[in-house]
Every structure is written in structure tokens, then in C-alpha cells.
Amino acid sequence: MTLRLVSSGDDRALAIRDRLLPLVREHGTLELQRGAVRLVALRVDRWTIEHWTPFGELSPDEASSPGYRHAVERQRTRPDLPYGLDLRHDGARVLGVLWSDDGAYEVAAFVRGPWEDEALALAL
């Protein structure tokens with residue numbers, strides 16, 4: 001069994017992610033859809049929310065063989081976290097969260113501050 005240390009800020013970071021995801025999905029603009037990535041962004045006042053997801057089409061340099069894909073997956077040291085959300089406030093990155101469908105996640109960046117309550121109250 002693998003133990004994972006969870007920082008005290010993870011719950012707050014995930015709460016902010018969960019609050020902002022519906023906003024960026026509903027009101028965001030598709031900015032990139034190329035290769036394996038689809039990026040949707042929402043800019044509101046002093047906020048920039050960027051959310052990326054895997055995009056299902058294969059690029060020309062990717063093999064479609066399931067055997068090849070499984071071999072590549074076995075080479076990785078940790079599971080892919082294909083979804084992400086970056087939040088910028090006044091141009092500074094204050095939150096970065098990566099996650100997968102199976103519930104695994106990583107809080108890549110989290111700068112504590114008064115912006116947290118503003119983000120949780122953000123409405124359009």
C-alpha cells in the first residue's frame with residue numbers, strides 16, 4: 001500500500017478548483033485543440049482560468065496500436081494526470097491543480113492569500 005502525504009491546503013485548493021470548473025466549462029472560450037490537448041480559458045476582470053483536458057484524436061506521430069499505448073504507459077513512473085486547471089490573479093499564477101478520472105490529483109501550485117475567498121465567490 002502506498003501512502004500519500006496530503007498537505008493541509010489540498011482541500012482548499014480542490015474546493016477552489018471545483019468551484020471554478022463549471023464556470024470555465026460554461027463560459028470559457030476554446031483556445032487550443034491540437035494533438036492531445038484541448039485548452040479552454042476564461043478571463044474575468046483580474047482573473048484568468050485555464051482548463052485543459054485530453055483530446056481524443058491521434059496526432060500523426062502517435063501510434064494507434066493498443067499494445068504500443070500500454071507499453072508507453074508501463075514506462076511511466078507515475079500515472080498520467082490528464083486534466084488541469086491554472087488560475088492567475090492579476091497575472092500571477094496562484095493555483096495549479098492536475099487530476100485524473102480515478103481521483104488521483106496533484107496540487108502543483110498554491111499561493112495562499114485573500115484571493116482564495118474571492119475565487120470561491122466568483123460568479124458570472
Side-chain angles (χ1 to χ4, degrees):
M1 180 169 126
T2 303
L3 296 177
R4 175 167 148 61
L5 179 63
V6 178
S7 74
S8 61
D10 283 2
D11 287 344
R12 183 77 163 176
L14 295 176
I16 294 168
R17 176 202 66 181
D18 293 346
R19 171 69 185 110
L20 298 178
L21 269 177
L23 294 177
V24 72
R25 285 178 176 164
E26 183 176 343
H27 302 287
T29 302
L30 179 64
E31 294 201 348
L32 174 73
Q33 185 165 305
R34 183 178 62 225
V37 176
R38 179 179 183 177
L39 175 71
V40 177
L42 176 62
R43 289 170 181 75
V44 178
D45 300 324
R46 300 163 45 190
W47 302 96
T48 300
I49 307 163
E50 294 179 330
H51 171 47
W52 62 91
T53 63
F55 184 64
E57 290 183 5
L58 292 175
S59 66
D61 60 337
E62 291 181 301
S64 60
S65 161
Y68 172 79
R69 287 179 184 253
H70 290 297
V72 169
E73 287 173 8
R74 284 192 298 270
Q75 292 175 7
R76 297 189 178 124
T77 58
R78 60 185 188 144
D80 276 341
L81 301 173
Y83 301 94
L85 183 131
D86 272 345
L87 177 62
R88 296 184 189 285
H89 186 255
D90 288 333
R93 183 178 183 216
V94 293
L95 178 66
V97 181
L98 305 168
W99 69 94
S100 65
D101 288 326
D102 67 3
Y105 70 91
E106 177 184 335
V107 177
F110 188 33
V111 179
R112 304 301 301 251
W115 67 267
E116 296 173 52
D117 290 331
E118 293 176 41
L120 287 169
L122 193 61
L124 300 180

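Being a predicted model, the structure only gives us computed values, none of them experimental.
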Distance-minimising heavy-atom pair for [X] and [Y]:
{"X": "R93", "Y": "V111", "result": "O-CG2, 3.9 Å"}
{"X": "G84", "Y": "H51", "result": "O-ND1, 2.9 Å"}
{"X": "L95", "Y": "A13", "result": "CD1-CB, 3.7 Å"}
{"X": "L30", "Y": "L39", "result": "CD1-O, 3.5 Å"}

Starting at [atom1] of [X], measure out to [atom2] of [Y] and round the result to the nearest 0.5 Å.
{"X": "E106", "Y": "D10", "atom1": "CD", "atom2": "CG", "result": "9.5 Å"}
{"X": "L85", "Y": "T53", "atom1": "CG", "atom2": "OG1", "result": "11.5 Å"}
{"X": "W99", "Y": "L14", "atom1": "CH2", "atom2": "CG", "result": "9.5 Å"}
{"X": "L42", "Y": "E26", "atom1": "CG", "atom2": "CD", "result": "10.0 Å"}
{"X": "D45", "Y": "D90", "atom1": "CG", "atom2": "CG", "result": "10.0 Å"}
{"X": "D11", "Y": "I16", "atom1": "CG", "atom2": "CD1", "result": "11.0 Å"}

Would you say [X] and [Y] make side-chain contact, with heavy atoms under 4.5 Å?
{"X": "H89", "Y": "W47", "answer": "yes"}
{"X": "F110", "Y": "V97", "answer": "no"}
{"X": "V40", "Y": "R25", "answer": "no"}
{"X": "L122", "Y": "I49", "answer": "yes"}

Fill in: Which residues share a side-chain hydrogen bond (donor to acceptor under 3.5 Å, both in side chains) with R43, sequence neighbours left out
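Per chain and number, R43 pairs via side-chain hydrogen bond (donor to acceptor under 3.5 Å, both in side chains) with E31.
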Worksheet item: With distance as the sole test, does D102 use its side chain to make a donor-acceptor pair with the main-chain N or O of A104 at under 3.5 Å?
Response: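 Confirmed, D102 side chain pairs with A104 backbone.
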Fill in: Side chain R88, main chain T48, donor-acceptor under 3.5 Å
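Such a contact is absent between R88 side chain and T48 backbone.
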Worksheet item: Tell me, which pairs form a side chain to side chain donor-acceptor pair (under 3.5 Å) where one or both residues lie in residues 113-124, sequence neighbours left out?
Response: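 Non-adjacent pairs meeting side chain to side chain donor-acceptor pair (under 3.5 Å): R12-E116, R12-D117, R112-E116.
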